[in-house]
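If you're wondering where the values come from, they're calculated on a predicted model, not measured in any experiment.
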Amino acid sequence: ALGIALPSAAQAKDSLEYFDLLTAEAVGALGTQTYDERIGKQFIGTRPVAGVLVGGGVGLRSVFRFPTGVRFSIEASGTWGRLGDADRGVAYSTVTRAEFLTGLGYEVHLGRALALHTTSLVGLDAQWMDRAAELALFDASAPTAGSLLTSSSSLSRVDLRLGQQIGAHVQVTSEIAFYADGTLDYDGQWRVRAGIAIGKLLR
């Protein structure tokens, strides 16, 4: 079975279907993700954080489709954006996110321009951001009015990614397609992406 899914390098070269340009991404979780928290370089514990990241960046996914319909992909990307719908009263810096994923799945073609695919993904993601000091509100007559609580810290995490993705490619010219996909991981993290692909459907 592995020989069918992952043929020789020469056959894989002939089976390269798309280069997906990874540029925009939305990432969230059904619950929270656990981050390591540091003040300066001092590790002070972990903190659960929720919220939705909407960001842009740069990345590339190589997609191979074999005559059996088996689909293999490998990708790396970096994304930057803001975390929304997170903790009340807490501000976060621009979020930096990186992903490295490989996928194995199946692809079917409907007509001459539409490919539907499902892929099991495994890999790593990492995310970094700063958690800003909270603004403390005091009585206006108090000498400390408007002062800041010294609660700023940096947050980071590196996690296993293991989940299922569904998506589609729509061919719009002989060498250009639009793609969109959504992924749900074992820990409740979800990701949605859309963009442009270079290549064409392989029959």
Side-chain angles (χ1 to χ4, degrees), residues 18-41 43-63 73-103 117 119-135 148-149 151-170 172 176-198:
Y18 285 115
F19 285 119
D20 293 342
L21 306 180
L22 307 176
T23 55
E25 181 176 42
V27 183
L30 301 181
T32 60
Q33 295 290 333
T34 301
Y35 288 77
D36 293 338
E37 185 169 17
R38 291 177 171 80
I39 295 179
K41 295 184 178 181
F43 174 72
I44 61 172
T46 61
R47 177 182 292 271
V49 177
V52 176
L53 167 66
V54 178
V58 61
L60 185 67
R61 173 171 55 195
S62 300
V63 178
S73 64
I74 184 168
E75 65 182 82
S77 63
T79 304
W80 297 266
R82 290 288 181 182
L83 192 67
D85 298 327
D87 305 338
R88 286 190 173 185
V90 178
Y92 292 92
S93 69
T94 299
V95 178
T96 299
R97 175 180 174 80
E99 296 177 0
F100 178 79
L101 302 168
T102 59
H117 38 82
T119 305
S120 297
L121 294 172
V122 63
L124 292 172
D125 74 348
Q127 201 156 293
W128 302 267
M129 57 190 170
D130 291 332
R131 177 181 180 274
E134 298 178 16
L135 179 64
L148 293 175
L149 295 175
S151 60
S152 60
S153 60
S154 61
L155 303 175
S156 64
R157 67 173 180 83
V158 178
D159 281 321
L160 169 71
R161 290 294 111 216
L162 178 62
Q164 193 68 25
Q165 181 182 90
I166 58 173
H169 281 70
V170 179
V172 292
I176 300 294
F178 291 133
Y179 74 87
D181 56 58
T183 305
L184 181 63
D185 287 331
Y186 74 100
D187 59 356
Q189 180 174 281
W190 56 264
R191 301 184 299 284
V192 177
R193 294 183 299 201
I196 295 174
I198 300 172

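Residues passing the side-chain hydrogen bond (donor to acceptor under 3.5 Å, both in side chains) test with S120, sequence neighbours excluded: Q164. Remark: V158 engages A126 in a side-chain contact (heavy atoms from CB on, under 4.5 Å) (not counting sequence neighbours). In terms of the salt bridge (charged side-chain N to carboxylate O under 4.0 Å, His left out) criterion, D87 has no residue partners (sequence neighbours excluded). Under the side-chain hydrogen bond (donor to acceptor under 3.5 Å, both in side chains) criterion, H169 pairs with D20, H117, not counting sequence neighbours. With sequence neighbours excluded, the residues satisfying side-chain contact (heavy atoms from CB on, under 4.5 Å) with A180 are A194. Every residue meeting the salt bridge (charged side-chain N to carboxylate O under 4.0 Å, His left out) condition with E75, not counting sequence neighbours, appears here in chain and number order: R61, R193. Remark: R82 engages T94 in a side-chain contact (heavy atoms from CB on, under 4.5 Å) (not counting sequence neighbours). In this structure T183 satisfies the side-chain hydrogen bond (donor to acceptor under 3.5 Å, both in side chains) test together with Q165, sequence neighbours excluded. By the side-chain contact (heavy atoms from CB on, under 4.5 Å) test, L184 pairs with L30, W190, sequence neighbours left out. E25 is linked by a side-chain hydrogen bond (donor to acceptor under 3.5 Å, both in side chains) to T79, counting only residues two or more places apart in sequence or in another chain.
Using a 4.5 Å heavy-atom threshold, the side chains of L22 and L60 count as separate. A 4.5 Å side-chain heavy-atom check between F100 and R161 finds every atom pair outside the cut-off. A heavy-atom distance below 4.5 Å is not found between the side chains of R191 and L53. Proximity of D185 to L162: side-chain heavy atoms (C-beta onward) are nowhere separated by under 4.5 Å. Side-chain contact check for V95 versus W128: every heavy-atom pair is 4.5 Å or farther apart.
At most 12 heavy atoms of other shown residues, nucleotides or ligands fall within 6.0 angstrom of atom CD1 in I166.
Residues L121 and G103 share a closest heavy-atom pair of CD2-CA, 3.6 Å. Nearest approach of A86 to Y92, heavy atoms of both residues: CB-CE1, 3.7 Å. Across L160 and Y186, no two heavy atoms sit closer than the pair O-CE2, 3.5 Å. Residue A50 comes nearest to G31 through the heavy atom pair CB-O, 3.8 Å, listed as atom of the first residue, atom of the second, then distance.
Going from atom OG of S153 over to atom CG of D130 covers 8.0 Å, rounded to the nearest 0.5 Å. Residue F43 holds its CZ atom at 9.0 Å from OG of S156, rounded to the nearest 0.5 Å. With values rounded to the nearest 0.5 angstrom, T34 atom OG1 is found 11.0 Å from L155 atom CG. Going from atom CG of D159 over to atom CG of L124 covers 8.5 Å, rounded to the nearest 0.5 Å. If you take NZ on K41 and OG on S154, they are separated by 11.5 Å, rounding to the nearest 0.5 Å. Put simply, OG1 on T23 and CD1 on I196 are 7.5 Å apart, with the number rounded to the nearest 0.5 Å.
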Would V52 and L83 satisfy side-chain contact (heavy atoms from CB on, under 4.5 Å), going step by step from the backbone distance to the final call? CA-CA 5 Å; V52 176; L83 192 67; 5.8 Å; no

Is there a side-chain contact (heavy atoms from CB on, under 4.5 Å) between Y179 and V170? Walk through the geometry before answering. CA-CA 6 Å; Y179 74 87; V170 179; over 6 Å; no

I'd like to know whether R131 forms a side-chain contact (heavy atoms from CB on, under 4.5 Å) with V90, so could you lay out the CA-CA distance, the side-chain angles of the two residues, the decisive distance to 0.1 Å, and finally the verdict. CA-CA 7 Å; R131 177 181 180 274; V90 178; 3.5 Å; yes

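For the pair R47 and D36, the salt-bridge criterion is not met [side-chain N within less than 4.0 Å of a carboxylate O].
Between the side chains of Q189 and D125, at least one donor N or O sits under 3.5 Å from an acceptor N or O.
Using modelled atom types, no side-chain atom of Y18 and backbone atom of A177 make a donor-acceptor pair closer than 3.5 Å.
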